[in-house]
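This is a predicted model, so every value here is computed, not measured. Each chain gets a letter, A, B and so on, in the order the sequences are listed, and its residues count up from 1.
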2 protein chains.
Amino acid sequence: MTEPRWLDDREQCAWRAYQHMQRDLAAALERQLTRDSALSGADYELLVVLSETEGHRLRARELRNAVRWDRSRLAHQVRRMENRGLLRRTECETDARGTMVELTDAGRAAIEAAAPGHVETVRRYFVDLLDAEETATLRAVAERVVRRIHADDEEC
Amino acid sequence: MTEPRWLDDREQCAWRAYQHMQRDLAAALERQLTRDSALSGADYELLVVLSETEGHRLRARELRNAVRWDRSRLAHQVRRMENRGLLRRTECETDARGTMVELTDAGRAAIEAAAPGHVETVRRYFVDLLDAEETATLRAVAERVVRRIHADDEEC
DNA sequence: CAAATAATGCTGACGTGTCAACAACCCGGT
DNA sequence: ACCGGGTTGTTGACACGTCAGCATTATTTG
């Protein structure tokens, strides 16, 4: 049990700044979405994937792989969105266990109405605030962090 | 209603990488905390502030300012943590509306036990993965984003 | 001083995410 | 053909965060 390596001022500042950004940015995006489109970030994620898919339908498993969600989270979310008319569930022909998730016209309309405002907000609060070098740095850092976490995940 | 300025490949990659990092990093930290210390990130936040405070007690309003939470979020969280014996509520002598929140011995023990492992995880998945220049860039970017969001908040 | 206004903290209702358990189904080996 | 293990999706219980509304108390204003 050795003495922990605490963060020095420089590290602590960066870490706190990141935490602050992540929190406020997520809140700002969520607020804009619900205010202008009556959609949550989770709604938006699913709608984007489905709207970019040929035929606007995907098997639940594929949808899960695309957004990397938990089984039950997807089930709950899909049920709620189905109740609101944004999408529809159908049986899967090739596998009786499966469920197909399909975009409704209302869902398509919702995502098309929401997308421009959302992208504009992403630009305003993030993308347009970084120059090319900062963007590259941030991307490199983010990919490094993700790889590290995934590497640890698999070894256990 | 003009055509929206969609993200180009470079921008989209950086944005998605950031989203991916923020998600996996938050999940990894939360997992480590609950696994090794039976604390949530929210628990940890409150405990850190209280443990760094002279006397280990703070008025609820001050605690709220420190962590920048909603009124009711703090009330719920404090109630739950009080039930678990991590902290204790007392009346405020100088203002009959106020509530003092005070760290218990169990709460102090919990944060002291949790801190080393948490810091180690922050290093492993974030701080130690960045060199000095990247750290500085990230901090500058984060502060810029936060300022932008706050500026928009106040003008409305 | 009295009334209006603001601030503080609490609660209940609701939507969301996680966890464990479950039923239905596919596929492999024997 | 059948049994056993893996997969798929669903559900219920629970913890958490947000919102609107409330009671209580300070503070301002006339």
Side-chain angles (χ1 to χ4, degrees), chain A residues 22-24 26-35 37-47 57-84 86-102 153, chain B residues 22-24 26-35 37-47 57-84 86-102 153:
Chain A
Q22 103 75 356
R23 192 182 124 142
D24 290 1
L29 290 172
E30 196 75 28
R31 199 164 43 230
Q32 183 273 332
L33 261 185
T34 58
R35 191 167 49 86
S37 314
L39 290 177
S40 70
D43 297 333
Y44 190 88
E45 261 191 272
L46 291 196
L47 293 179
R57 39 188 274 123
L58 268 178
R59 193 172 160 176
R61 171 162 52 85
E62 306 302 325
L63 193 49
R64 269 180 43 221
N65 289 342
V67 296
R68 301 193 176 248
W69 281 6
D70 190 64
R71 265 189 181 71
S72 66
R73 181 178 178 189
L74 185 68
H76 286 305
Q77 182 73 29
V78 165
R79 173 177 44 76
R80 291 185 299 245
M81 291 176 74
E82 189 174 32
N83 291 339
R84 291 158 57 204
L86 294 172
L87 39 80
R88 171 174 41 236
R89 276 184 294 189
T90 326
E91 293 172 359
C92 176
E93 289 88 359
T94 71
D95 188 337
R97 297 169 299 180
T99 303
M100 301 297 297
V101 181
E102 184 178 352
D153 276 357
Chain B
Q22 103 74 356
R23 193 182 122 141
D24 291 1
L29 290 172
E30 196 75 29
R31 199 164 43 229
Q32 183 273 331
L33 261 185
T34 59
R35 190 168 49 86
S37 315
L39 292 177
S40 69
D43 297 333
Y44 190 87
E45 261 191 272
L46 291 196
L47 293 179
R57 40 188 275 123
L58 227 46
R59 194 175 159 174
R61 172 163 52 85
E62 306 303 326
L63 194 49
R64 270 179 42 218
N65 288 343
V67 296
R68 300 196 176 248
W69 281 4
D70 190 63
R71 261 186 184 68
S72 66
R73 181 179 178 189
L74 185 67
H76 285 305
Q77 182 73 29
V78 166
R79 173 177 45 75
R80 290 186 298 246
M81 291 176 74
E82 190 174 31
N83 290 339
R84 290 158 58 203
L86 295 172
L87 38 80
R88 170 175 42 236
R89 275 184 293 191
T90 325
E91 292 174 0
C92 176
E93 289 88 0
T94 71
D95 188 336
R97 297 169 300 181
T99 302
M100 300 298 296
V101 181
E102 184 178 351
D153 277 356

* Of all residues at least two apart in sequence or in a different chain, which pass the side-chain hydrogen bond (donor to acceptor under 3.5 Å, both in side chains) check with A:Ser72? -> A:Asp70

* To do: To the nearest 0.5 Å, tell me how far A:Arg57 CZ sits from A:Leu87 CG.
  => 12.5 Å

* Length of the CD-P vector between A:Glu30 and D:dC16, whole Å -> 20 Å

* **Expected output: side-chain A:Ser37 to main-chain A:Thr34 donor-acceptor under 3.5 Å** => no

* Figure out the CG/C1' separation between B:Leu46 and D:dC16, and round it to whole Å. => 13 Å

* Less than 4.5 Å apart, any side-chain heavy atom of B:Arg61 and any of B:Arg59? -> yes

* Asked: Roughly how far, to the nearest 0.5 Å, is the CG atom of B:Leu86 from the CG atom of B:Leu39?
  -> 6.5 Å

* To do: Check whether the side chain of A:His76 and the base of D:dG9 form a donor-acceptor pair under 3.5 Å.
  => no

* Should A:Met81 and A:Val101 count as side-chain neighbours, where that means a heavy-atom distance under 4.5 Å? -> no

* **Distance in Å, B:Glu93 CD paired with B:Met100 CE, rounded so as to fall on 0.5 Å steps** => 7.0 Å

* Which residue, A:Ser72 or B:Arg89, contacts DNA chain C at a nucleotide closer to its 5' end, judged by nearest heavy atom? -> B:Arg89

* Structure fact -> For B:Arg84, the salt bridge (charged side-chain N to carboxylate O under 4.0 Å, His left out) test, sequence neighbours excluded, returns B:Asp43

* **Five-pair end axes of the helix from C:dC1-D:dG30 to C:dT30-D:dA1 and the angle they enclose, rounded to 10°** => 10°

* Asked: Reckon B:Arg31 touches a base, only the sugar-phosphate, or nothing at all at heavy-atom distances under 4.0 Å?
  -> nothing

* Return the value, rounded to whole Å, for the distance between atom CE of A:Met81 and atom C1' of C:dG15. => 14 Å

* Asked: Would one find a side-chain N or O of A:Arg80 under 4.0 angstrom from OP1 or OP2 of C:dG17?
  -> yes

Do any N or O atoms of the protein come closer than 3.5 Å to N or O atoms of nucleotides 25-27 of chain C, and which pairs are they?
from: C:dC26; atom 1: OP1; to: A:Ala96; atom 2: N; distance (Å): 3.3

* To do: Return no unless some side-chain N or O of B:Gln77 is found under 4.0 Å from OP1 or OP2 of D:dG17.
  => yes

* Which whole-number value in Å describes the distance from B:Arg35 CZ to C:dC19 P? -> 13 Å

* Rounded to the Å, how far apart are B:Asp43 CG and D:dG17 C1'? -> 14 Å

* To do: With heavy atoms under 4.0 Å as the rule, sort B:Arg73 into base, sugar-phosphate or nothing.
  => base

* In Å and rounded to the nearest 0.5 Å, what is the SG to CG distance from B:Cys92 to B:Leu58? -> 10.5 Å

* To do: Tell me which of B:Arg59 and A:Ser40 sits closer to the 5' end of DNA chain C, going by the nucleotide each one is nearest to.
  => B:Arg59

* Asked: Do any of residues 62-71 of chain A sit with a heavy atom less than 4.0 Å from DNA chain C, and if so which?
  -> none

* Can you sort out the partners of A:Glu30 under salt bridge (charged side-chain N to carboxylate O under 4.0 Å, His left out), two or more places apart, ordered by chain and number? => none

* **d(CD, B:Glu91; C1', D:dT24) in whole Å** => 13 Å

* For B:Ala60, answer base if it contacts any base atom (sugar-phosphate contacts may also be present), sugar-phosphate if it contacts only those atoms, and nothing otherwise; contact means non-hydrogen atoms under 4.0 Å. => sugar-phosphate

* To do: Report the distance from atom CG of A:Leu74 to atom P of D:dT8, rounded to the nearest whole Å.
  => 13 Å

* Structure fact -> Output for pair (A:Thr99 OG1, A:Arg89 CZ), nearest 0.5 Å, gives 7.0 Å

* Do you see a donor-acceptor pair shorter than 3.5 Å between the side chains of B:Gln77 and B:Arg80? -> yes

* Rounded to whole angstroms, how far apart are CG on A:Leu58 and P on D:dG9? -> 11 Å

